[in-house]
Amino acid sequence: MALRTLDLFCRVVDNYGDAGVAWRLARQLADEHALQVRLWLDRPDVLGKMEPRLNPAVPQQQIDGVEILRWQEDFPETEPGDAVIEAFGCPLPQRFLDAMARRRPTPVWINLEYLSAETWVEGCHGLPSPHPRLPLTQYFFYPGFTARTGGLLRERDLTAKREAVQRDPQAFWRSLKLAAPQESTLVVSLFCYPDATLLSLFETWAQGERPILALTPGGENNPAWRNAGIRDPWRQGKLEVQPLPFLSQEQYDRLLWACDLNFVRGEDSFVRAQWAARPFVWHIYRQADRAHLVKLEAFLRRYTQALPPSAALALVRFHEAWNESASPAATWPALAGELEVLRRHAAAWERQLRSLAGLASQLVIFITGKI
Ligand code: TRH
């Protein structure tokens, strides 16, 4: 049997990443794999921030071939599709699970996990987990950075779109109503968690030698910016800070492509920064017992493997400070001194990642093999 219909469930735990990843995946499955996709989302308002075409007040709507439905507590009787994906282990409604168990054939059921660069991921990717009561088996699907994982979300036309903006970013700057930055200016995008040491970072940049333009999309929603007193554009020493509104996901991608250095966070912007083929700094999502630092180290170990020792050290030290909410004053000069090396490395890393199969294609192949 062929794979035609798919239900994707997503609960927003926190922030934007859950909805952001689910939306990218849903669109890609519909667009590139011609699947009929239903995206069940408990917080359409969160997606509405990234997708201006979405009306969060409407419980059911169609965008880019994806049917977006508000996931309500009182779940309606629904015939499940050929495959069901729960994003990040969000428990499915009991009524829907019962319907999955009744369906013939039963849907292929996937738990799409969070991204990690840790080595154990390869051993867990694709493992089955039988339901304790119902005749259903769930499969763990792990995104990752190696051929033995589910890979990363990457649209077919991503490279071409990125290269077009990077060849000529003028139209993009105009679309943000910004003048094109001077060649000598280091253009930085900043997206981070509220515990970031922004004021120290800005003081360090203001006192540096190179002009820096810091663009801060969505800063108005982040207490870190409010604490740093950023509302309007301002200048100090070599630094100019330009607040930007929270951009659509597509515009945010372009911003990452157009900048020289991107500060990103969580999961989705972290992946998109890698596709931007430009240096980046990752503010990882904090977890209990400092588990996030193990993940950070695992990623940095992979990412820095092919870097000269001085650039690797500069990048690791800066990440340690940034993720421990320490002042970046001591670690910034070394990082700034390695930016050219890091730029070449980011391009090589992107090419290497691009040589692996993308997540949506791998998912379709995996599901088709189980149908
Ligand atoms: O918002 P996040 O912190 O999301 C996090 C992570 O996903 C984390 O792993 C998860 O556990 C937690 O949520 C619950 O960061 P992330 O993952 O980068 O998601 C941000 C999304 O917002 C991403 O899809 C890009 C998008 N975005 C825009 O569309 N416009 C913008 O202006 C900005 C700054 C982001």
Side-chain angles (χ1 to χ4, degrees), residues 10-28 39 41-54 56 63 86-90 111-118 121 142-144 152-155 158 172 175-176 178 188-196 198 214-225 230 241-259 261-276 280-288 291-296 298-299 322-323 359:
C10 175
R11 238 179 229 295
V12 172
V13 179
D14 200 355
N15 304 319
Y16 307 102
D18 311 280
V21 169
W23 180 228
R24 282 195 204 281
L25 174 61
R27 285 172 73 193
Q28 209 187 333
L39 171 60
L41 189 61
D42 68 334
R43 293 276 311 274
D45 57 308
V46 173
L47 181 56
K49 289 195 181 249
M50 293 170 250
E51 178 43 79
R53 291 172 296 171
L54 184 93
I63 301 177
E86 51 180 65
F88 314 121
C90 60
N111 177 355
L112 175 65
E113 283 286 350
Y114 285 111
L115 171 65
S116 172
E118 290 161 290
V121 164
Y142 278 89
L152 300 171
L153 277 176
R154 168 172 52 82
E155 305 81 64
L158 179 59
F172 171 67
S175 74
L176 291 181
L178 294 178
V188 183
S189 81
L190 273 166
F191 181 44
C192 57
Y193 289 113
D195 59 340
L198 271 186
L215 302 168
T216 66
E220 74 277 10
N221 304 326
N222 189 332
W225 309 103
I230 301 155
V241 179
Q242 173 67 57
L244 294 179
F246 196 88
L247 303 173
S248 70
Q249 230 180 19
E250 295 203 341
Q251 277 290 76
Y252 181 63
D253 269 345
R254 291 187 195 111
L255 179 71
L256 298 177
W257 304 337
C259 286
L261 172 65
N262 294 301
F263 281 64
V264 289
R265 73 182 205 188
E267 177 160 331
D268 190 53
S269 58
F270 163 60
V271 171
R272 303 311 281 190
Q274 292 171 66
W275 294 134
F280 64 92
V281 172
W282 183 28
H283 206 191
I284 189 168
Y285 186 78
R286 241 175 222 274
Q287 287 178 290
H292 58 289
L293 295 180
V294 177
K295 284 188 180 177
L296 176 67
F299 174 73
W322 190 239
N323 281 284
L359 189 142

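When reading the values below, keep in mind they use all heavy atoms of this one structure, side chains included, and skip hydrogens, waters and symmetry mates. We count residues from 1, following the sequence as given. Read the numbers this way: they start at 1 and go in the same order the structure lists the ligands and their atoms.
A donor-acceptor contact shorter than 3.5 Å is absent between the side chain of Trp282 and the backbone of Ala273. With hydrogens and angles disregarded, a donor-acceptor distance shorter than 3.5 Å links the side chain of Asn323 to the backbone of Ile284. With Glu220 contributing its side chain and Pro245 its backbone, the two residues share no donor-acceptor pair below 3.5 Å.
The protein residues lying under 4.0 angstrom from ligand 1, judged by non-hydrogen atoms, are Asp14, Asn15, Tyr16, Gly17, Asp18, Gly20, Met50, Tyr114, Phe191, Tyr193, Pro217, Phe246, Leu247, Ser248, Gln249, Tyr252, Arg265, Gly266, Glu267, Asp268, Ser269, Tyr285.
Ring-plane geometry between Phe191 and Tyr16 is classed as tilted, the angle between the planes lying from 30 to 60 degrees on a 0 to 90 degree scale. Ring planes of Trp322 and Phe263: perpendicular class, angle over 60° (limits at 30 and 60°).
For Trp23, the side chain to side chain donor-acceptor pair (under 3.5 Å) criterion is met by Glu51, not counting sequence neighbours.
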